[in-house]
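Okay, structure first, notes after.
Side chains are part of it too, since the values below use all heavy atoms of this structure and drop only hydrogens, waters and symmetry mates.
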Amino acid sequence: MKREVEHDLQKLLQVPHRLMNPDKLVAAAKADIEVRTSTYRFTGLINTSHGNLEIKVSRQCPDRTYRLMDTLIRALQARGHRCVVCGSQTYIQVREEKFEVAIREKLMRSDEIMPGNYSYDYSPTGTLVLKIGPSWKQKEWQDGKIPLESRLSAVIAYLEWKTQKEEEWRLACQKAEGARLEKERALREQQARKEQELNSFKELLLQAKRWHEAQLLRSYIAAVAQQAEDTPSPTPQWREWLIWAEQKTDWYDPQVNLPDDLLEEVDKETLSFRKKTHFF
């Protein structure tokens, strides 16, 4: 990927000796640091203010830093990426991924604690460090045997490689989440089918019990009718009762389900009135 970046960009990766027609973000950072330098007496590093590229260097390094950042931004733009400043942070955006970026000068700590300060003194070294990512998982490039100017292709290649890995990871997560949701949906459907099957069986059992009880009622009604027929002088009320009993049995029998205006609000399973909501 690094070789691909170098082949694609070629001259764009060469940091110029002079800053000419800088990117607007670099121009704004340069103007900001010039104002801060003329206003305050800095003894250590100068950092940009809120809303500018995140730069923190000594008085000896601003020009080199501007040229480095301007070259990096233009190379990123040529690859279809962009550099964005949002509040106090600077981001490089590669497709949908955002990476925090900052450039600073490395400090060297003194060997002894300064008298009266109760702390070590730090002095700039001229070594620039480019940081990519949040503080807890930063990737750094700094001056060494190979100067930072010659490592910009590695920075861009890393950003594109990291973006590819993040996209692959996100896609894998989406697939895993999709598989998990599908598994949950299948389990819910299976559980629903099981519950429906059990409810259907319970309904079958209740229907059978009601049918059996209806047959028992018919046998009882037949026995009462036979007894009435054997009586020398049966009362007329038994014929009314016989008709009533047969109608109630037909209402209760699941194979008949004869309508009954007086019992239409009765639950046949519990033989109790269903609860009704009253509106006043």
Item to check | Note: Glu213-Lys209 ion pair, threshold 4.0 Å (strictly below) | outcome: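 No.
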Checklist entry - What pairs with Trp251 under ring pair (Phe, Tyr, Trp, His ring centres under 6.0 Å), at least two apart in sequence or on another chain? => result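 None.
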Check whether any side-chain N or O of [X] sits under 3.5 Å from a backbone N or O of [Y] as a donor-acceptor pair, and report yes or no.
X      : Y      : result
Asn199 : Glu195 : yes
Asp267 : Ser272 : no
Thr90  : Glu54  : yes
Glu265 : Arg274 : no
Asp253 : Ala214 : no
Asp70  : Asp23  : yes
Arg210 : Tyr252 : yes
Thr48  : Ile55  : yes

Item to check | Polar contact flag, side-chain donor to acceptor under 3.5 angstrom, Ser153-Glu6 | outcome: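 Looking only at side-chain atoms, Glu6 and Ser153 do form a donor-acceptor pair, the distance falling under 3.5 Å.
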Checklist entry - Between Ser219 and Gln215, do the side chains contain an N or O donor and an N or O acceptor separated by less than 3.5 Å? => result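 Checked: Ser219/Gln215 side chains show no N/O donor-acceptor pair below 3.5 Å.
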Checklist entry - In chain order, what residues pass the side chain to side chain donor-acceptor pair (under 3.5 Å) check against Glu149, with sequence neighbours excluded? => result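 By the side chain to side chain donor-acceptor pair (under 3.5 Å) rule, Glu149 matches Arg64.
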Close side-chain approach of [X] and [Y], heavy atoms under 4.5 Å:
X      : Y      : answer
Leu187 : Gln191 : no
Pro22  : Lys30  : no
Lys248 : Leu263 : yes
Glu246 : Leu242 : yes
Val57  : Ile103 : no
Lys11  : Gln14  : yes
Ile146 : Arg151 : yes

Item to check | Gln77 CD to Leu72 CG distance, which is reported to the nearest 0.5 Å | outcome: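 The CD atom of Gln77 sits 10.0 Å away from the CG atom of Leu72.
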Checklist entry - Going through the checks in order, is the side chain to side chain contact (heavy atoms under 4.5 Å, CB included) test met by Glu177 and Leu181? => result CA-CA 6 Å; Glu177 178 67 6; Leu181 292 174; 3.9 Å; yes
Next on the checklist: Going by side chain to side chain contact (heavy atoms under 4.5 Å, CB included), name the residues that satisfy it together with Arg3, two or more places apart in sequence or in a different chain.
Outcome noted: none
Item to check | Sequence-distant partners of Glu240, side chain to side chain contact (heavy atoms under 4.5 Å, CB included), two or more places apart | outcome: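 So Glu240 forms no side chain to side chain contact (heavy atoms under 4.5 Å, CB included) with any residue.
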Checklist entry - Going through the distances and angles, do Glu97 and Arg170 end up as a side chain to side chain contact (heavy atoms under 4.5 Å, CB included)? => result CA-CA 11 Å; Glu97 299 298 322; Arg170 187 174 292 105; 2.5 Å; yes
Next on the checklist: Applying the side-chain contact (heavy atoms from CB on, under 4.5 Å) criterion to Leu152, which one of Val5, Leu9, Leu12, Val15 satisfies it?
Outcome noted: Val15
Checklist entry - Between Trp141 and Lys139, is there a cation-pi geometry (under 6.0 Å to ring centre, at most 45° from the normal)? => result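 The answer is yes, since Lys139 meets both limits relative to Trp141.
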With a 3.5 Å cut-off and sequence neighbours excluded, list the donor-acceptor pairs that the side chains of residues 79-88 form with protein atoms.
residue	atom	partner	partner atom	Å
Arg79	NE	Glu160	OE2	2.8
Arg79	NH1	Asp8	OD2	3.0
Arg79	NH2	Glu4	OE2	3.2
Arg79	NH2	Glu160	OE1	2.7
Arg79	NH2	Glu160	OE2	3.3
His81	NE2	Glu160	OE2	2.8
Arg82	NH2	Gln93	OE1	3.2

Checklist entry - Residues sharing Leu258's hydrophobic cluster, by side-chain heavy-atom contacts under 4.5 Å among ILVMFWY, directly or via others? => result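 Result for Leu258 is Val256.
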